[in-house]
Number of protein chains: 2
Amino acid sequence: MRDDPTHLAEQVAVELRHLVYLLRRYSAGQPLTSQQYGVLGSLEHGPRRMTALAEEHAVQLPTMTVQINRLEDAGLVARGTDPSDARVRTVELTAEGRERLQNVRRTRIANLTRELAALTEEERATLAAALPVLAKLGRS
Amino acid sequence: MRDDPTHLAEQVAVELRHLVYLLRRYSAGQPLTSQQYGVLGSLEHGPRRMTALAEEHAVQLPTMTVQINRLEDAGLVARGTDPSDARVRTVELTAEGRERLQNVRRTRIANLTRELAALTEEERATLAAALPVLAKLGRS
DNA sequence: CCTCATGCTTAGCCCAACTAACTTAGTTTT
DNA sequence: AAAACTAAGTTAGTTGGGCTAAGCATGAGG
């Protein structure tokens, strides 16, 4: 039973499902969906093109078009054009979008922080140690 | 910077997003969706009632009704009745459903196992240690 | 009985993903 | 230089998965 990858895989699968449910519970009732917040986050460091956004979010272009349409209607992002290539549309945060992003991120981090603060210091250290391992999953 | 819950929260948030994308990539193109496999898994140890399934999957009853309808149409589950209360519908796996569940679980665990086998023994131990901590999140 | 609560389904809505088809703008080929 | 191809986005249409509201039985209590 010691260091059995299959047994570990089963336990990981169980926890992943738990986390998915947790995330859904957290994002219920928010003004924007978690996908939309994710897109706003991608725009934090400057304008991006549609293809870049779609690829980063593992989504097809039409899906991203619809998301950006909604965010544009809500006044949170603005479309622009690339002077060197008239085919590409750029997307950037509006002032309101940036503000919304900061607010959401603050409260979300605050929630998570509260959960983590309820753990022992040792548990937090255990979690912190595992993060780089989680990051390696799916990179193969 | 040592044991800073806020800083840890930010890193955890990043990894959670990574895991969500990973899961979506894994379940793309499967004959059933991950939700439907999840429901099949709940039926592994015998019949359940609709309310129990809905609660376990953190979903409203109508949503579960639709899911069970689809699984029933596909011949993977069968509805029954509770002899002691004519209001409740029970749901159980058909032989085909059980077979499908076993196949899917095998291949999914196999995939995860392959990923985990690519890690070092120490990394697996780190991950295993963190699982109980992850399980505690959201229980507050 | 009549009323109320419970378990489930139906109907109708919205969001998020997909593919297919189209438009427009660059790039290559001849 | 014109034709053919490729690339970037958008639009249209479908599917899945979630929700609430409303309806229909059935069970439980006055």
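Numbered from 1 within each chain, the chains take letters A, B, ... in sequence-line order.
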Which is the 5'-most and which the 3'-most nucleotide of DNA chain C that has an atom under 4.0 Å from a heavy atom of chain A?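 The footprint of chain A covers C:dC15 to C:dG26.
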B:Thr90 or B:Arg24: which one's nearest nucleotide on DNA chain C is closer to the 5' end?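 In this pair, the answer is B:Thr90.
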Closer to the 5' end of DNA chain C via nearest nucleotide, is it A:Arg87 or B:Arg89?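 It is B:Arg89, whose closest nucleotide lies nearer the 5' terminus.
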Min side-chain heavy-atom separation [X]-[Y] under 4.5 Å:
{"X": "B:Met64", "Y": "B:Gln60", "result": "no"}
{"X": "B:Arg48", "Y": "B:Thr90", "result": "no"}
{"X": "A:Asn111", "Y": "A:Tyr26", "result": "yes"}
{"X": "A:Arg49", "Y": "A:Arg89", "result": "no"}

Applying the side chain to side chain contact (heavy atoms under 4.5 Å, CB included) criterion to A:Leu61, which one of A:Thr51, A:Val66, A:Leu53 satisfies it?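 Single pass found, and it is A:Thr51.
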B:Asn103, B:Val104, B:Ile109 screened by side chain to side chain contact (heavy atoms under 4.5 Å, CB included) with B:Arg106, the one that passes: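 The single option meeting the side chain to side chain contact (heavy atoms under 4.5 Å, CB included) with B:Arg106 is B:Asn103.
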If a pair satisfies salt bridge (charged side-chain N to carboxylate O under 4.0 Å, His left out) and one of its residues is in residues 15-31 of chain B, list it, with sequence neighbours excluded.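 Applying salt bridge (charged side-chain N to carboxylate O under 4.0 Å, His left out) to every pair that reaches into residues 15-31 of chain B, excluding sequence neighbours, yields A:Glu56-B:Arg17.
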Let's test your reading of the pairing rules: Watson-Crick or G-U wobble, both distances under 3.5 Å, then write DNA chain D as a dot-bracket string with ( ), [ ], | and dots. ||||||||||||||||||||||||||||||
Which pairs, with at least one residue in residues 74-87 of chain B and sequence neighbours excluded, count as a side chain to side chain donor-acceptor pair (under 3.5 Å)?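 Counting only pairs at least two positions apart or across chains, the side chain to side chain donor-acceptor pair (under 3.5 Å) contacts touching residues 74-87 of chain B are B:Asn69-B:Arg79, B:Glu72-B:Arg79, B:Asp82-B:Ser84, B:Asp85-B:Arg87.
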Determine whether B:Val39 and B:Val88 fall in the same hydrophobic cluster, where Ile, Leu, Val, Met, Phe, Trp and Tyr are linked whenever their side-chain heavy atoms lie under 4.5 Å apart.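 Result: no, two separate clusters.
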Rounded distance (Å) that lies between atom P of D:dC19 and atom NE2 of B:His57: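 Atom-to-atom, B:His57 to D:dC19, this comes out as 13 Å.
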I need the residues from residues 64-85 of chain A with at least one non-hydrogen atom less than 4.0 Å from DNA chain C; give them sorted by number, or say none.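 A:Gln67, A:Arg70, A:Asp85, in order of number.
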Under 6.0 Å from the CD atom of A:Glu55, do we count more than 12 heavy atoms belonging to anything else shown?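 Atom CD in A:Glu55 is not packed in, count stays at 12 or less.
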Separation between OG1 of A:Thr63 and CE of A:Met50, rounded to the nearest 0.5 Å: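 Between A:Thr63 OG1 and A:Met50 CE, I get 10.0 Å after rounding to 0.5 Å.
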B:Leu71 side, atom CG; B:Leu32 side, atom CG - distance, nearest 0.5 Å: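 That separation rounds to 6.5 Å.
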In plain terms, say whether B:Arg105 and B:Glu44 are close enough for a salt bridge, that is, a side-chain N and a carboxylate O under 4.0 Å apart.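 Yes.
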Check DNA chain D against residues 33-56 of chain A and give the residues with a non-hydrogen atom under 4.0 Å, in numerical order.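 Residues of residues 33-56 of chain A that come under 4.0 Å of DNA chain D are, in numerical order, A:Arg49, A:Met50, A:Thr51.
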